[in-house]
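Report on one structure; see the data block that follows.
Positions are given from 1, in the same order as the sequence printed here.
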Amino acid sequence: ACAASTTEVTVQKIAADGLTVLNETTVSATWMEANLPVQGDGTTHYYGQGPTFNDSNLWDETETINWEDKDMGAVRGTDIKDLCDLIGGAETGDEIVLRASDGFYKTFPYENVYSPAARQGPIVLAWEKDGDSVTDGAYADGMRNVFFADTSTNPNGSHIYGNWDMHETLPEAYRHYFDGPYPATTGLSVQTINQIKILTDEPAPVTIYDDA
């Protein structure tokens with residue numbers, strides 16, 4: 001069974017203890033479209049890349065293997081950075097966690113969200129695909145994160161966040177591998193996201209009790 005599309009997201013800033021919520025807000029896809037910059041033109045398609053299943057060409061630097069059917073669609077959405085900024089933003093050293101309604105999650109470093117390389121592009125929370133929206137359930141696997149990669153590393157001029165792009169932009173600990181050795185950027189896209197967490201090193205507030 002597939003999870004239903006999500007129509008709103010809760011953004012939280014978490015203290016160093018991993019539990020204390022320092023700040024949070026919840027916004028709907030409708031609110032995002034009306035109040036934050038919209039990413040995507042509704043026409044341009046963005047792609048991930050699946051595993052090559054070729055031990056002698058794991059990374060496929062030329063982006064020619066297993067990408068054409070990894071089409072994320074002509075998506076529109078909101079930059080994850082803009083959502084983080086609603087609660088004060090993230091800082092160097094922070095991590096941003098994108099969590100699905102079923103508990104699945106992926107974590108990204110501050111730099112990949114706030115200053116991404118062009119070959120990766122902004123990480124966008126997509127709420128519309130090919131004209132279908134999460135608000136009416138037509139975009140069934142949304143909201144999901146899509147990498148708005150440019151065309152600089154693709155010989156066909158396609159917007160692909162390829163496996164070698166991942167190698168060059170994401171630290172090893174944050175990369176995704178399918179079935180052991182096979183890199184695959186498709187595994188970095190989380191479906192039905194309903195929570196974004198900024199993990200910080202800020203101390204949790206201390207409550208002082210008055211014994212008087």
Side-chain angles (χ1 to χ4, degrees), residues 5-14 22-48 71-92 94-101 105-154 157-161 165 169-170 174 185 188-200:
S5 57
T6 49
T7 59
E8 62 180 28
V9 63
T10 297
V11 189
Q12 297 178 320
K13 179 172 281 193
I14 307 297
L22 300 172
N23 196 6
E24 68 178 329
T25 189
T26 299
V27 293
S28 68
T30 302
W31 187 92
M32 289 182 236
E33 182 176 9
N35 293 277
L36 295 174
V38 174
Q39 305 296 323
D41 56 15
T43 301
T44 303
H45 285 242
Y46 295 89
Y47 299 81
D71 186 0
M72 298 296 176
V75 292
R76 295 199 305 146
T78 304
D79 195 326
I80 296 294
K81 174 179 69 68
D82 291 337
L83 291 167
C84 291
D85 284 347
L86 293 176
I87 56 168
E91 299 179 355
T92 301
D94 292 348
E95 294 180 316
I96 291 88
V97 179
L98 309 181
R99 186 180 185 277
S101 56
Y105 67 92
K106 283 294 181 180
T107 304
F108 300 96
Y110 164 86
E111 290 77 13
N112 291 80
V113 174
Y114 272 79
S115 55
R119 66 190 298 165
Q120 175 203 290
I123 306 178
V124 174
L125 184 67
W127 32 255
E128 181 186 284
K129 173 185 176 181
D130 302 334
D132 293 331
S133 174
V134 297
T135 57
D136 58 12
Y139 182 15
D141 56 355
M143 295 185 286
R144 72 183 304 174
N145 62 303
V146 177
F147 296 86
F148 272 39
D150 71 1
T151 62
S152 62
T153 60
N154 184 262
S158 297
H159 293 267
I160 302 173
Y161 185 48
D165 294 327
T169 59
L170 268 183
Y174 301 92
T185 64
L188 295 173
S189 183
V190 180
Q191 301 183 24
T192 66
I193 291 171
N194 67 356
Q195 188 177 54
I196 297 171
K197 291 185 177 184
I198 304 172
L199 304 183
T200 76

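When only modelled atom types and interatomic distance are considered, D165 and T185 share no side-chain donor-acceptor pair under 3.5 Å. Side-chain atoms of T135 and T30 form no donor-acceptor pair, as typed in the model, at a separation below 3.5 Å.
Looking at heavy atoms from C-beta onward, R144 lies out of side-chain contact with V190 at the 4.5 angstrom threshold. The side-chain heavy atoms of F147 and M72, taken from C-beta on, include no pair separated by under 4.5 Å. Annotation: side chain of N194 is not in contact with side chain of M143 (no heavy-atom distance under 4.5 Å). A heavy-atom distance below 4.5 Å is found between the side chains of L98 and I196. Counting only heavy atoms from C-beta outward, the side chains of L188 and F108 approach each other to under 4.5 Å. In this structure, the side chains of Y161 and T169 come closer than 4.5 Å at one or more pairs of heavy atoms. A heavy-atom distance below 4.5 Å is found between the side chains of I87 and I198. Side chains of D79 and F148 form no contact here, defined as non-hydrogen atoms less than 4.5 Å apart.
Between the side chain of N154 and the backbone N or O of H159 there is no donor-acceptor pair closer than 3.5 Å. Not a single donor-acceptor pair under 3.5 Å links the side chain of D130 to the backbone N or O of D132. Checked by atom type and distance alone, the side chain of S5 never pairs as donor or acceptor with a backbone atom of G142 at under 3.5 Å. The backbone N or O of N112 sits less than 3.5 Å from a side-chain atom of Q120, completing a donor-acceptor pair. Remark: side-chain polar atoms of T200 are paired, donor with acceptor, to backbone N or O of I14 under 3.5 angstrom. The main-chain N or O of L125 is never found under 3.5 Å from a side-chain atom of T78 such that the two would form a donor-acceptor pair.
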Item to check | V27 vs N35, side chain to side chain contact (heavy atoms under 4.5 Å, CB included): CA-CA, chis, key distance, verdict | outcome: CA-CA 10 Å; V27 293; N35 293 277; over 6 Å; no

